[in-house]
Visitor: 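The following block contains the structure, expressed as structure tokens.
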Amino acid sequence: MAELGPVVWPPAPLRTERLVLRASVARDRAAFIDLYASAEVRTYLGGPRPRAELENAVSEVPGRRPGVFVVDHDGAMIGVVTLDRRDAERPGHVRPDAAEAELSYMLLPEAWGRGYALEACTAALGWFADAFPGEPLVLCTQAANDRSVRVAVKLGFTEVERFEEFGAEQWFGAWSSVPPSG
């Protein structure tokens, strides 16, 4: 993934009713490793990475770059929301130059089913709309990941196409800054 672009980073923390989206700090390292080593989290993302490999590879302050928000609940990292540029070589684009921003997220399994993904992504989308007014934003997830597709639709993403990538059917959507009702 290419970097998001010229923005002041990190922004002031984004606060929601229950969460804070903030820049990564050293105490988040263990949670980053847990995310990437989790078979549950990585079911639709290519599978878990070996914990020993991650222990050696993950930096002291992981995810410290523009576009990476740590999702914090009660002072602890429960996941990440990222905004990056979609690689031009990948399928799925809505711009001729293929330089769309792309939203993605991962939450630890203990945070699932509580609406945190929707809440965190909504905050990140608000920040994105202010930082990059009028710019298209896309989201891609495996079509088999029903939960993620439902979150995408609730966030205001509309399906543009489906295609085969990474050995699975992908759901690809574009964001309208006005979420659908209901």
Side-chain angles (χ1 to χ4, degrees), residues 1-4 19 21 24 28 31-51 53-54 57-58 62-63 65 67-71 73 77-95 97-129 135-177 179-180 182:
M1 289 268 176
E3 280 205 15
L4 186 57
L19 306 171
L21 276 67
S24 177
D28 299 325
F32 267 93
I33 291 169
D34 289 346
L35 274 174
Y36 286 96
S38 170
E40 287 175 287
V41 171
R42 304 283 302 168
T43 296
Y44 300 104
L45 299 170
R49 292 186 48 201
R51 187 170 288 280
E53 174 188 304
L54 291 165
V58 173
R65 64 175 176 77
V68 178
F69 289 101
V70 164
V71 180
H73 179 260
M77 178 181 155
I78 61 168
V80 293
V81 173
T82 60
L83 292 156
D84 286 302
R85 295 285 165 196
R86 187 163 177 84
D87 292 332
E89 300 78 34
R90 294 186 62 200
H93 295 283
V94 295
R95 285 173 48 162
D97 65 357
E100 305 91 346
E102 181 174 16
L103 174 75
S104 61
Y105 65 92
M106 292 188 296
L107 295 178
L108 292 166
E110 55 268 24
W112 294 1
R114 297 188 172 121
Y116 295 145
L118 187 63
E119 189 173 329
C121 288
T122 298
L125 290 172
W127 175 86
F128 178 84
E135 187 168 325
L137 184 67
V138 298
L139 182 148
C140 188
T141 187
Q142 278 193 24
N145 189 347
D146 296 334
R147 288 175 150 186
S148 194
V149 171
R150 281 195 306 272
V151 168
V153 170
K154 285 180 182 178
L155 288 168
F157 285 85
T158 302
E159 183 175 341
V160 173
E161 66 178 309
R162 291 184 185 216
F163 49 82
E164 183 83 15
E165 187 181 32
F166 307 121
E169 182 183 38
Q170 303 296 317
W171 184 98
F172 179 79
W175 184 56
S176 165
S177 59

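Count residues from 1 along the sequence.
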Visitor: What's the spacing between E165 CD and C140 SG if we round to 0.5 Å?
Guide: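 Going from the CD atom of E165 to the SG atom of C140 covers 6.0 Å.
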
Visitor: Can you tell me how far the CG atom of L118 sits from the CG atom of L155, to the nearest 0.5 Å?
Guide: 5.0 Å

Visitor: Taking R86 for the side chain and P91 for the main chain, is one N or O donor matched with an acceptor at less than 3.5 Å?
Guide: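 It does hold such a pair.
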
Visitor: Mark yes or no for whether S38, through its side chain, and D34, through its backbone, hold a donor-acceptor pair below 3.5 Å.
Guide: no

Visitor: Measuring from atom OG1 of T82 to atom CD of E102, what distance do you get when rounded to the nearest 0.5 angstrom?
Guide: 8.0 Å

Visitor: Closest heavy-atom contact between L35 and M77?
Guide: CD1-CE, 3.6 Å

Visitor: Show the nearest heavy-atom pair for residues P136 and V94, with the distance to one decimal.
Guide: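 P136 and V94 have their closest heavy atoms at CB-CG2, 3.9 Å.
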
Visitor: Assess the residue pair R162 and E169 against the criterion (salt bridge (Lys or Arg N to Asp or Glu O under 4.0 Å)); give the C-alpha distance rounded to whole Å, side-chain angles, the decisive distance to 0.1 Å, and a yes or no.
Guide: CA-CA 7 Å; R162 291 184 185 216; E169 182 183 38; 3.6 Å; yes

Visitor: Please name the pair of heavy atoms, one in A120 and one in L21, separated by the smallest distance, quoted to 0.1 Å.
Guide: O-CD2, 3.3 Å

Visitor: Take L83 and W127, measure what side chain to side chain contact (heavy atoms under 4.5 Å, CB included) needs, and give me the verdict at the end.
Guide: CA-CA 10 Å; L83 292 156; W127 175 86; 3.8 Å; yes

Visitor: Is there a side-chain contact between L139 and W171, using heavy atoms and a 4.5 Å cut-off?
Guide: yes

Visitor: Quick check for you: to the nearest 0.5 Å, what is the distance between L103 atom CG and D84 atom CG?
Guide: 10.0 Å

Visitor: At what distance, to the nearest 0.5 angstrom, does CZ of R90 lie from CZ of F172?
Guide: 9.0 Å

Visitor: Looking only at heavy atoms, which two atoms of R51 and A37 are closest? And how far apart?
Guide: NH2-CB, 3.8 Å

Visitor: Can you name the closest pair of heavy atoms from G79 and L107 and give their distance?
Guide: CA-CD2, 3.7 Å

Visitor: What heavy-atom pair brings V41 and P109 nearest, and what distance separates the two atoms?
Guide: CG2-CD, 3.5 Å

Visitor: Any side-chain hydrogen bond (donor to acceptor under 3.5 Å, both in side chains) involving residues 136-148? Give me the pairs, sequence neighbours left out, ordered by first then second residue.
Guide: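 Non-adjacent pairs meeting side-chain hydrogen bond (donor to acceptor under 3.5 Å, both in side chains): Y105-S148, T141-S148.
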
Visitor: If a pair satisfies salt bridge (charged side-chain N to carboxylate O under 4.0 Å, His left out) and one of its residues is in residues 38-47, list it, with sequence neighbours excluded.
Guide: none

Visitor: Measure up the W175 and F157 rings against each other and bin them: parallel (under 30°), tilted (30 to 60°), perpendicular (over 60°).
Guide: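 Rings of W175 and F157: tilted, 30 to 60°.
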
Visitor: Show your working on side chain to side chain contact (heavy atoms under 4.5 Å, CB included) between V70 and F32 and close with a plain yes or no.
Guide: CA-CA 9 Å; V70 164; F32 267 93; 4.1 Å; yes

Visitor: Of all residues at least two apart in sequence or in a different chain, which pass the side-chain contact (heavy atoms from CB on, under 4.5 Å) check with A101?
Guide: L4, R85, F128, E135, L137

